[in-house]
Each structure stands twice: as C-alpha cells, then as structure tokens.
Protein chains: 4
Amino acid sequence: MINNDISAASPGVSEPGPPRRRLPAATRVTQILDAALQVFSDKGFASARLDDIAEAAGLSKGGVYTHFASKEEIFGALLKRLIQPPMPAAPEALADEEPVTVDLLVRRVVEPMYQSLGDPSVLQAVRLLLANGTRVPQAFDQWHQTMFEPHIADVARLLQRGVRQGTLRRSAITHAPRLILSPGIHAMLDGVVRGPVAPDAIAEWKRLHVAMLRELLTP
Amino acid sequence: MINNDISAASPGVSEPGPPRRRLPAATRVTQILDAALQVFSDKGFASARLDDIAEAAGLSKGGVYTHFASKEEIFGALLKRLIQPPMPAAPEALADEEPVTVDLLVRRVVEPMYQSLGDPSVLQAVRLLLANGTRVPQAFDQWHQTMFEPHIADVARLLQRGVRQGTLRRSAITHAPRLILSPGIHAMLDGVVRGPVAPDAIAEWKRLHVAMLRELLTP
Amino acid sequence: MINNDISAASPGVSEPGPPRRRLPAATRVTQILDAALQVFSDKGFASARLDDIAEAAGLSKGGVYTHFASKEEIFGALLKRLIQPPMPAAPEALADEEPVTVDLLVRRVVEPMYQSLGDPSVLQAVRLLLANGTRVPQAFDQWHQTMFEPHIADVARLLQRGVRQGTLRRSAITHAPRLILSPGIHAMLDGVVRGPVAPDAIAEWKRLHVAMLRELLTP
Amino acid sequence: MINNDISAASPGVSEPGPPRRRLPAATRVTQILDAALQVFSDKGFASARLDDIAEAAGLSKGGVYTHFASKEEIFGALLKRLIQPPMPAAPEALADEEPVTVDLLVRRVVEPMYQSLGDPSVLQAVRLLLANGTRVPQAFDQWHQTMFEPHIADVARLLQRGVRQGTLRRSAITHAPRLILSPGIHAMLDGVVRGPVAPDAIAEWKRLHVAMLRELLTP
DNA sequence: AATGAATGAGTTTTCATTCAT
DNA sequence: GATGAATGAAAACTCATTCAT
C-alpha cells in the first residue's frame, strides 16, 4: 500500500540547489576521507554508498569522482592515511643509563594506549580495520607492523633491560611482551563493540591495568 | 582467511553505453508520468513493468529511479496529478443578477461533462482510478472531493437561486443536485466499459440529457 | 536495518498444522470462488496472489490447484458465475391488459436495482468487472448483454406500451430507455467507489429516483 | 480499448525443472543458516549474494525465500543463533566446600576460552559479529550479555570466594574480574585479524596466560 | 484431497560510474 | 570543480506452478 498522504506524493522537483563552494583539492580530499572513515566504519565497505560518503563530505556524488577514481581508491587512500604516518609517534630513544621501571613502562606504553581509547576516531579506525581489513590483506599486516610490532619490539627491549638492570621482576610478561597490552586491547575491543568508552571508565581500566603490571613486575 | 576478494565486491564494473539526452528533472517527471498513465491504464498497476514505463518515457529503467523511489511512488504521483489540479477549472463566478435558467445549467454543468467524455485521456484516468484506486486508500475520496463535490456544491447553489428566482421549477433535482449528473455518469461508465464513445453517440447522450433537464426544470 | 527484536528473528518453523478438512469438491469450488471474488475485486487480477485466495478460502495454495488448473481458470470460472445464471431474474411476463404505470416501472425496474445496491457482493462483482473485465473482452459484452440489455429491452417495451396506453407521458426517457437507469447507475458507481452505501442512503437515492421518474412520466 | 492481453499478464509460465530434494523446514533452515554463516563471514553482509547462500545450502534462490522473508532476516536469524543458546554452556555449580584455587579458575575459565580459539567456526562468528554487528543494533549488547557477562559474574563469585577462603591472593584481578579474560581476548582478536591461530600458538598463549594468573593470584 | 517446500522466470530495486551542463 | 541525470549490470525479491509426502 502506498504512502497515505497523497499530497506528499510528487517527487522532489529539486531546484538545482546552490552549487557548493569550490574548495582546494587537498581540503576536499581530507573532507572526503573523513566522511569515508565515518561511513566505512559504520557500514563496512560494501554497504557504504558513494551517496553516503558524498553527503557526509558535503558535496555531490559526482564531486567525489573529481578527487577519486573509484570507491576502492577512496578506501585505499583512507587505509593509507590510517596506517601510515601520524598515528604511531616513534618512541623517543631512551637515555642509556635510565632505569626501566614500571613507571617508565606505564608512561611509554600504557598511557598512550588509553589516550587513544578516548579518541573516537581511533576506535572508528580500529573498527574499520577489523571489519574490512581483509579486503586488502596487506593492509592488515601493514597495520600490524606499523602499529604493534615496533611498539612490542620496543617493549621487549625495555623489559629485557629492566630485568637485566634488576628494576623489573621476571614474569610471564617479560617472556611475552605482547601480554603487556592485553588489558588495553580488551578495553579497546570493548570500545569498538559497545561504543566509545566513557572517560572515567577509561581511567578505571588504566588504573587496574597499571596495578596489575605493578604486581607482576615490581621486583 | 576472510577472502573478500576485491574483484568480487562491487557491481557495475562496466562502461555504460551512450546516455540518452539529459533533461531537467521537471520535464522528465512529466514524461514519466505521461508514460505511466499510458502503461498503468493499459495494463493495470501490477502488470505494468517498469521497463515499459521507462521505454515509453524514453529513458532507462534506472533513470526512472532517479526521479521516483518506487513503482508505487510513480503511481501515487500519477494519481495525485490526475486528481488534483488541472482538471476542475474553478467555475467563474456568476453575475449577481444573471438568472439561472436551464440553458445556463447546461452551459456550466452539462456541456463540460460531455466535453470530458470526448477526451480519451479522461476516460483513461477514470478507468485507472476504478481499476487501481483501492491501492491508494484515500484516492477515491480525494477524487470525489476534487472532481465532484465542488461541482455539486456549485450546482446546488445555482439550483437554489434558480428556484428562488422562479427561473427553475422545483423538482427532485433541485432537492438532490447530484442527480443532475447522473446521465453523464452513466455515459461515462459506458465509455469506460465499452471503449471510447463515438462523437455522435456523445452528442446523442447530451441531447437527451438536456431534454430531460428541460422537462424537469422548466418552470 | 533489521527488526529490532532479535528474539523474534527465527522463521516460523511451522508445525505442519492440522491438514484441513477434506471437503466435497463442489463445496471447495464454491469457497474458492467466493474467496476469489473478494480478492480479485479488492486487488485486481494481476495483484491477487494465489496465496491470498487460498487463505481466504481456508486451504493451502496447493489445495487450490486440486480444483483449478491456473489462476486464469479461477478468474474465468468466477466470471462465468457472475455473469451467468442467478443474478438477472428473468422478468415475469406481463399480463396483456395490465397498464404500465410509473408504479409498475418502479416495481419492475427501480426497486430491483436498489435491492442489488444493498448487497455487498453485487458491488464486489461490479467492481471486479469494471476493473478487470477488459482482461476477457467478451466478458464485458456478455455482462452487458446479460445484465442490461434484456432489462433495457424490457423497459423499452414497457415504455412503449405505457405511452400507447396513455399511462405514461412522452419524455426523454421514453425515447432513451437506458436513461431510466441512470440515477441507479450513478448510485452504484458511488457504492463501488466509496464503499457500500448505507441502507438509508440507498433508500434516499431510490426515493429521489422515483420522484424524478414520476415528474417525467406521469401523464 | 484497455488491452490487458492475457498472455502478458502473469509471470512464470514455464515448466519448472526437476525440484531438488524436499526437506523438513527445520532442516532446511539449519542448512541455510549454516550456509549463511559461511557466506556472510566470508564476504560480509552486503557482498554476500542470495545465490551464494542458496547454492551453499543446496537449493534455489527462491527456495530460500520459502524460509526467510529477506536477506536481512537470514542475517538476523543467524546472529540470533550465534549469540543465543548453544555457546555458553552454563557452568556447573560448585560444591560448597571445594576451594577456589588458581587451578580451578584455569579449568573453569581459561581452558574453555582457548578451546574456543581452536574452533574456526567460533572465530568465524566473532569476525562476522565484528564486521557486521552494527547492522543489528542490539546484537553487540546481546552478545556481550550472553557471552561475557554470565562468565564474568561467575568468575567474580569464584574470586570472592577464593579470597575469602584464603586460596587466592588479593590482586587487581580480584577487583576487576574481567581482567582475567584479557589475554584470551587479545589472542582471540589476533586470531580474528591474522587468521586462525595454530594449535601450538594457542597452547603458548594459554601457558603464558596461566603463568600470569599464577603470579597474580597464588597466595 | 490437501499440504507446503521447491523451482525458475520475470520483475523490481540498487548503485558505482559516466558525462552533459 | 561541482552537479545531478542517466546508464547498465548485478542483486534482491515475487509468485504461478509443480510435486513429494
């Protein structure tokens, strides 16, 4: 059966609508990728419609094609932006004599993780990668390599040193550095799955995470 | 592994053929509704194929969806157009002193009806409404309100006045103005059922209709 | 987006349900045609689904095929039943000397019409024929021949006689007997279009119809 | 004339090919959902074609619609099946006097988790949920409630008791029971992201997980 | 006779992509 | 650079009809 309101039946004989502002390409690209992050992360690659992205970016579908040749290309560019540069600030080198304490680990490893958790766009990115990363298999590996491995390698080095220095106790964690991230990853998944985590919930996760590390690693 | 082979992801990976002329939306909408009237009234709502409508409108099936969200919506818009504006030209007001004679009634009420009967597209519209109107619940009521009630209200006023002026005799018709339309409606139904009425058949219906009114209303 | 209630998601793993009573074929056929009248008249031939008819008839879709070979065949059988026997009770012959008065015309012609209008299934049948009759072109003619022509022929004869006898006045109606039906047809269309007419509305239509005939035909 | 050529009216005027085996609805529904799990988790909701599901389930596309009204409905039913009943076997009650040791926790909590990790269909389900869960709004919450909360509530009770009994040490974990799952969840995510985890990798994750718990909870 | 699962051809609908303006 | 009408191929969905049970 049809829409009840006959008077609402005729289609939008849309007046052209003021052509939107012509912007520098770089700006548009950024807007489009921002929009794409939203839409891809919400619906996944296949369900995302160019119209959705265009609307979220504030231009028309055709306008998007001025900047990208295809949906795939948008996705690719987005992945590149997510994976590559800004996110994982290279950890600054450590002074040779500085002792590796739990506090140091917390500052260098734990705090940044929970920092990220507070940023919705990080959760969005993670969701995007979890849900669509397999579309570009290398993306995953690369993500892993860029996001985690350096981190973990760094952690591993720190743990070794702490143990050698006697400032850290030997523990399951010193044998498997990745474990140091587990509660944070747990919290992240929680955020991805159940929506952004409230700031005080984040603080609580972190507090417990730190407490646990202290128990495990304090000599 | 998840697969999600990129090459299998999105539809439409083909070069479109030569697009037909691009028209302003309002024009296309009109064309589509014109086509829809033909097709719907020829085959009925359910048997009408979007392809037919598209072809009759001179664009592709997909192109129709640029202007209407569904077949139902086309139908609704068509009914709206049929029912609403252009048909019932508001009867021009009557000079205060002009006497309401049978001749006046004939000119204002009877002739326009038989005029319509000669127009195939009117019969088409009526047929469409009769055959498919139940699909849009209020269509009938609205049709009635737009097509008949103003007419009848006008007639009622005229009859009152004529009786008051003594230029019309009191009659069953002056008590139930709708009766003044009955032979015309009879003729219309005949046209709907048995195909367009030949011009001289129409003339004959009208002649008799007028004769009958004269018998009933001449003082 | 999906149905909100996950718990309601699984499809009806319908237990076979008690096989419905096995009935004599003739009974079933009647039930099916009754159901078909409802459904065809409501939705039109093309939009009517076998499932609808089956459900309205109280058996399964497959069951319908036990009695009819196709949807078309159901429609055909229904038309036959509508057109053929029961409806137009042959008007009993008139005693040679009986004078043809307006009262006689009312009893023989007008009253039966308004009788029918009170019967919803008659309106249904009319709607069915109006909406779908063109599907079987002969149906229309046949309907016309069966339903109206004998009637009108009868009326024509009566009118002639009345005029000859001096019991009826010469009038537009005596020249075009079909006009005698016009207000009734008008009322019928009203019923078809706007739903069954209330009993007192019918009475009112009839009263006015009779009054009009009296004005026209009383010598 | 109205046309409505009978021969152009209804679809499907063809002799169907040999129907495949006819099965009880419940069986088919299971098969279809099994197929859907494969296809959806392989391609994601939007890229999964009904044809794929039908083929994988061993019937025709139309056949699928005998059991489900839409692709969405299949997806909903699948999620329901994944989320709801069979997975979380209710933990058997604990004898009143039995002491809650780390070993007990390992048997009741840790081992089952890693058991699941070895099961590809569990990873498949998790991946499906992560990638497409937003499509069914409550899916995530419900998943959480069904999968984790009972587990965690159970763990919380056990930890309380162990602490009271003196068989477990107070620790960050005894304050936040969910932490007991963290390394397992980390491993699961790893499996989801990088493909099924090799059995000995699982064993290694578990070994370390247990070691960590021992460090934290042994009095 | 009746049921309801299954088929398959037809039809509607979607949407990435193109291109005249 | 931007718009939005138009295309066309793919995918979802419908339903008369068949037939094993």
Side-chain angles (χ1 to χ4, degrees), chain A residues 14 16-25 28 48-51 54 59-67 69-72, chain B residues 9-25 27-28 46-51 54 59-67 69-72, chain C residues 14 16-25 28 48-52 54 59-67 69-72, chain D residues 9-25 27-28 46-52 54 59-67 69-72:
Chain A
S14 50
R20 275 167 259 201
R21 212 175 357 295
R22 198 180 130 153
L23 296 180
R28 277 295 192 213
R49 282 174 300 137
L50 251 304
D51 282 299
L59 41 43
S60 72
K61 188 163 43 168
V64 173
Y65 277 87
T66 304
H67 303 283
S70 71
K71 191 174 159 185
E72 288 283 353
Chain B
S10 40
V13 191
S14 57
E15 322 79 72
R20 294 184 225 190
R21 196 158 32 283
R22 184 188 150 143
L23 298 179
T27 311
R28 271 295 191 221
S47 298
R49 282 175 301 134
L50 248 305
D51 284 296
L59 40 44
S60 70
K61 189 164 39 173
V64 173
Y65 280 89
T66 303
H67 303 283
S70 68
K71 191 174 156 183
E72 290 271 3
Chain C
S14 51
R20 276 166 259 201
R21 213 174 357 293
R22 198 181 128 152
L23 296 180
R28 276 297 192 213
R49 282 174 300 138
L50 251 304
D51 281 299
D52 297 332
L59 41 44
S60 70
K61 188 162 44 169
V64 173
Y65 277 88
T66 303
H67 302 284
S70 71
K71 191 175 158 184
E72 287 283 354
Chain D
S10 41
V13 191
S14 59
E15 322 79 68
R20 294 182 224 191
R21 194 160 31 286
R22 184 188 150 143
L23 299 179
T27 311
R28 270 296 190 222
S47 298
R49 282 175 301 133
L50 248 307
D51 285 296
D52 297 333
L59 40 45
S60 70
K61 187 166 42 175
V64 173
Y65 281 90
T66 303
H67 303 284
S70 69
K71 191 174 154 184
E72 290 270 4

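None of the values given here were measured: they were computed from a predicted structure. In the text below, chain A, chain B and the rest are named by the order of the sequence lines, each starting its count at 1.
The nucleotide whose nearest atom lies closest to any side-chain atom of Ala25(D) is, among dT13(E), dC13(F), dA5(E), dA5(E). Closest approach to the Arg22(B) side chain among dC13(F), dA6(F), dC15(F) is made by dA6(F) (side chain taken as heavy atoms from C-beta onward). Comparing dT7(F), dT7(E), dT13(E) by their closest approach to the side chain of Leu59(B) singles out dT7(F). The Lys71(D) side chain lies nearest to dC13(F) when the options are dC13(F), dA6(F), dA6(E). Distance from the side chain of His67(A) is smallest to dA2(F) among dA16(F), dA2(F), dA6(F). Which of dC13(F), dA6(F), dA2(F) sits closest to the side chain of Arg28(A) comes down to dA2(F). With distances taken from any side-chain atom of Ser60(A) to the nucleotides dA2(F), dA16(F), dC13(F), the minimum falls on dA2(F).
Atom CG of residue Leu23(B) and atom CG of residue Leu59(B) lie 8.0 Å apart, to the nearest 0.5 angstrom.
Remark: dT21(E) base-pairs with dA2(F); criterion is Watson-Crick or G-U wobble with both hydrogen-bond distances under 3.5 Å. In a base pair of the Watson-Crick type (N1 to N3 plus N6-O4 or O6-N4) or a G-U wobble (N1-O2 and O6-N3), with each distance short of 3.5 Å, dA1(E) is matched with no nucleotide. Using the Watson-Crick or G-U wobble rule with both distances under 3.5 Å, dT11(E) pairs with dA12(F).
Rounded to an integer number of Å, the gap from CD of Glu72(A) to C1' of dA16(E) is 11 Å. Atom CG of Leu50(B) is separated from atom P of dT14(E) by 11 Å (rounded to the nearest Å). Note: CG (Asp51(A)) to P (dG4(F)) measures 11 Å, nearest angstrom.
Between the side chain of Lys61(C) and the backbone N or O of Arg49(C), no donor-acceptor pair lies under 3.5 Å.
Along DNA chain F, the nucleotide closest to Tyr65(C) and the one closest to Gly62(A) are compared, and the more 5′ of them pairs with Gly62(A). If Thr66(C) and Val64(D) are placed on DNA chain E by their nearest nucleotide, the residue sitting closer to the 5' end is Thr66(C). Projected onto DNA chain F by closest heavy-atom contact, Ala69(C) and Gly63(B) fall at different nucleotides, the more 5' of which corresponds to Gly63(B).
Under 3.5 Å, the side chain of Lys61(C) and the base of dT3(E) form no donor-acceptor pair of N or O atoms.
Contact annotation for Ala46(B): no contact, since no heavy-atom pair falls under 4.0 Å across all strands.
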